[in-house]
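These notes are about the structure you will find just below.
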Amino acid sequence: MIITTSVNKLDCKREIFGMYLAVNVIGIIVFLGVAVLFSKDRKHIDWKSVGIMVVINIVLAWFLVNSTVGINAVKAAADGFKGLVDISYKGISFALADWVDVKQMNFVTSALLPILMIVPLFDILTYIGVLPWIIKWVGKGLSFITRQPKFESFFAVEMMFLGNTEALAVSGLQLRQMKSARLVTIAMMSMSCVTASILGSYLLMMPGQYIIAAVPINIINAIIVTTVLNPVSVTEEEDTIAKIGSSADTGATTETIESGSEEVAEETVAKKPAREPFFSFLGDSILGAGRLILIITANVIAFVALAALIDALLGKINPALSLENILGVIMFPFAWLLGFDPSHAFQMAQYMGTKLVTNEFVVMGKVSPILKHFTPHFLATLTVFLTSFANFSTTGMIIGAFKGLVDREKNDVISKNVGYMLLSGILVSLLSAGFIGVFVW
């Protein structure tokens, strides 16, 4: 009798697991279906390319979270970033010992001040040509495999290392030459990036395995979603990469090349002004990192305070009302499709909605003390969903960046597609969480 009962319980657990796994898989299909539903031109979606990229992400998700080699590679990358953060604390401790040598460091010290070392490090790698070389070959390979235009593939990889506004800034000449429809694609892709230099801050609050895994999966999903939402025909003549020069000379030339991403590695050969002295460059990089810390700190303080104010006002109307509850109701169907029971789906939906309205740092800071209470599936999907810049404020940053790079007519076209930009960012985050979630229970 006892044996029979145990077998029945085991069978019941298997059935429940199978049901939620099926919901997770169906969720991925639904998210892709939403993209098709809102597509600007369904007849011209390159389904072969989309199919290739979906298969790549399934294999990539399995490899990064389920295979021994993939798990070890991700762990090594996460440990490397954490090692950089630990080294950065030596500099912080020298100047602010009473901020570091404490039982528990505050959010700014533990998560943000390490940016002062990590951002300049990545800038140095750019200065000496290492990052451009990596971007060249990864972008070239991505374009070949996915059958996507050269610049879109190049830009997806570039965003991973430089960030959205930075990638836009160095691509100004290319953007000025592109037609409005392709610019909308670039704006949509810009919602889904994560800057490599900021991963160290994420790793201090969320599991490194899923943070690192989310980065390449986000890149592929950004191309998938924009390919479906905004299919654009690119002729062979248009499929080029503009020569990259300094901000002083980009407006003076419209020369393009056929070799696409190869220009990134060869740009040092192109005619351009003398390179800025290293220590001048490094000083600018450090100041830029400092500004980034101030911006993030100001945003987190402001958003958390504003959310508290909204909760206080809503509480006066009805004690059960809160911003999290409202956002939870809105995002609930999408959270449920990631493979959760209703109670966990509502909790996930609250975090998802809060991230979209504020930013990922607000949610990461909130959940980091309670991660041990989450199930593996909940932790993996939440971490991956949070690992992107997709939120309302990012749309303003992107449009602001385009204003200084393209003419008013093209910028107006981008501004009219703010809804598509936000939809793209949300769908990419949902798809990435869904792909990883299938393999983590």
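In terms of modelled atom types and a separation under 3.5 Å, the side chain of R182 and the main chain of V232 share no donor-acceptor contact. Here the side chain of S49 pairs no donor or acceptor atom with the backbone of D46 at under 3.5 angstrom. At least one donor-acceptor pair closer than 3.5 Å links the side chain of N24 to the backbone N or O of G434. In this structure, K410 contributes its side chain and M178 its backbone to a donor-acceptor pair below 3.5 Å. N359 places no side-chain N or O within donor-acceptor distance of the main-chain N or O of K355, the cut-off being under 3.5 Å. When atom types are taken as modelled, the side chain of Y420 and the backbone of F38 share a donor-acceptor pair closer than 3.5 angstrom. A donor-acceptor contact shorter than 3.5 Å links the side chain of S429 to the backbone of G425. Put simply, the side chain of N72 gets close to the backbone of T68: a donor and an acceptor are under 3.5 Å apart.
Residue L32 holds its CG atom at 12.5 Å from CG of L37, rounded to the nearest 0.5 Å. To the nearest 0.5 angstrom, I436 atom CD1 is 10.0 Å from T383 atom OG1. Between the CD1 atom in I217 and the CD1 atom in I58 there is a gap of 10.5 Å [rounded to 0.5 Å]. Remark: L183 CG to R176 CZ distance equals 11.0 Å, nearest 0.5 Å. Rounding to the nearest 0.5 angstrom, the gap separating the CG atom in L60 from the CG atom in N221 is 9.5 Å. Atom CZ of F279 is separated from atom CD1 of I286 by 10.0 Å, given to the nearest 0.5 angstrom.
Side-chain contact check for K40 versus L229: every heavy-atom pair is 4.5 Å or farther apart. Inter-residue side-chain proximity for Q209 and V65 is flagged as met; some heavy-atom pair is nearer than 4.5 Å. By the 4.5 Å heavy-atom criterion applied to side chains, W62 and S67 are counted as neighbours. The shortest distance between side-chain heavy atoms of L371 and M205 does not fall below 4.5 Å. Looking only at side-chain heavy atoms (C-beta outward), W47 and V36 come within less than 4.5 Å of each other. Side-chain contact between P114 and Y89: present, with at least one pair of heavy atoms (C-beta onward) separated by less than 4.5 Å. Between Y351 and F378 the shortest side-chain heavy-atom distance falls below 4.5 Å. Contact of the M421 side chain with the T394 side chain is not registered, since no non-hydrogen atoms from C-beta on lie closer than 4.5 Å.
Contact detail for L125 and I128: the closest heavy-atom pair is O-CG1, 3.6 Å. Closest approach of L175 and F402 over heavy atoms only: CD1-CE2, 4.1 Å. What you find for I414 and A187 is that their closest heavy atoms are CG2-CB, 3.8 Å. Nearest heavy atoms, T381 versus G437: CG2-CA, 3.7 Å. Heavy-atom minimum distance, G365 versus P369: O-CD, 3.6 Å. Across every non-hydrogen atom of V384 and A433, the tightest pair is CG1-N, 3.5 Å.
Environment of NZ in K416: sparse, with no more than 12 heavy atoms of neighbouring residues, nucleotides or ligands closer than 6.0 Å.
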Chi angles and distances behind the side-chain contact (heavy atoms from CB on, under 4.5 Å) call for N391, V357: CA-CA 6 Å; N391 56 56; V357 173; over 6 Å; no
Do N66 and I71 pass the side-chain contact (heavy atoms from CB on, under 4.5 Å) test, and can you show the C-alpha distance, the side-chain angles, and the key distance before you say yes or no? CA-CA 7 Å; N66 256 17; I71 291 172; 5.7 Å; no
Might you work through the side-chain contact (heavy atoms from CB on, under 4.5 Å) test for I223 and L142, ending with a clear yes or no? CA-CA 10 Å; I223 302 175; L142 192 61; 3.7 Å; yes
Verdict with supporting geometry, M117 and I92, side-chain contact (heavy atoms from CB on, under 4.5 Å): CA-CA 10 Å; M117 187 198 79; I92 301 168; over 6 Å; no
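F392 is linked by a ring pair (Phe, Tyr, Trp, His ring centres under 6.0 Å) to nothing, counting only residues two or more places apart in sequence or in another chain. Partners of P231 according to the side chain to side chain contact (heavy atoms under 4.5 Å, CB included) rule, which considers only residues two or more places apart in sequence or in another chain, are S39, D41, H44, I45. Shown here are the ring pair (Phe, Tyr, Trp, His ring centres under 6.0 Å) partners of F278, two or more places apart in sequence or in another chain: Y127. Checked against side chain to side chain donor-acceptor pair (under 3.5 Å), T227 has the following partners two or more places apart in sequence or in another chain: Q148. Applying the side chain to side chain donor-acceptor pair (under 3.5 Å) test to T185 and every residue at least two apart in sequence or in another chain returns N230.
Between Y202 and F361, a ring centre-to-centre spacing shorter than 6.0 Å is recorded.
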Pairs of donor and acceptor atoms involving the side chains of residues 326-341, under 3.5 Å and at least two apart or interchain, shall be tabulated with distances.
{"residue": "W336", "atom": "NE1", "partner": "F340", "partner atom": "O", "Å": "3.4"}
{"residue": "D341", "atom": "OD1", "partner": "S343", "partner atom": "N", "Å": "3.1"}
{"residue": "D341", "atom": "OD1", "partner": "S343", "partner atom": "OG", "Å": "2.6"}
{"residue": "D341", "atom": "OD1", "partner": "H344", "partner atom": "N", "Å": "3.0"}
{"residue": "D341", "atom": "OD1", "partner": "H344", "partner atom": "ND1", "Å": "3.2"}
{"residue": "D341", "atom": "OD2", "partner": "H344", "partner atom": "ND1", "Å": "2.7"}

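Across V50, I56, I52, a single residue satisfies side-chain contact (heavy atoms from CB on, under 4.5 Å) together with V54, and that is V50.
With hydrogens and angles left out, the side-chain atoms of D412 and S415 include no donor and acceptor closer than 3.5 Å. Side-chain atoms of N218 and S192 form no donor-acceptor pair, as typed in the model, at a separation below 3.5 Å.
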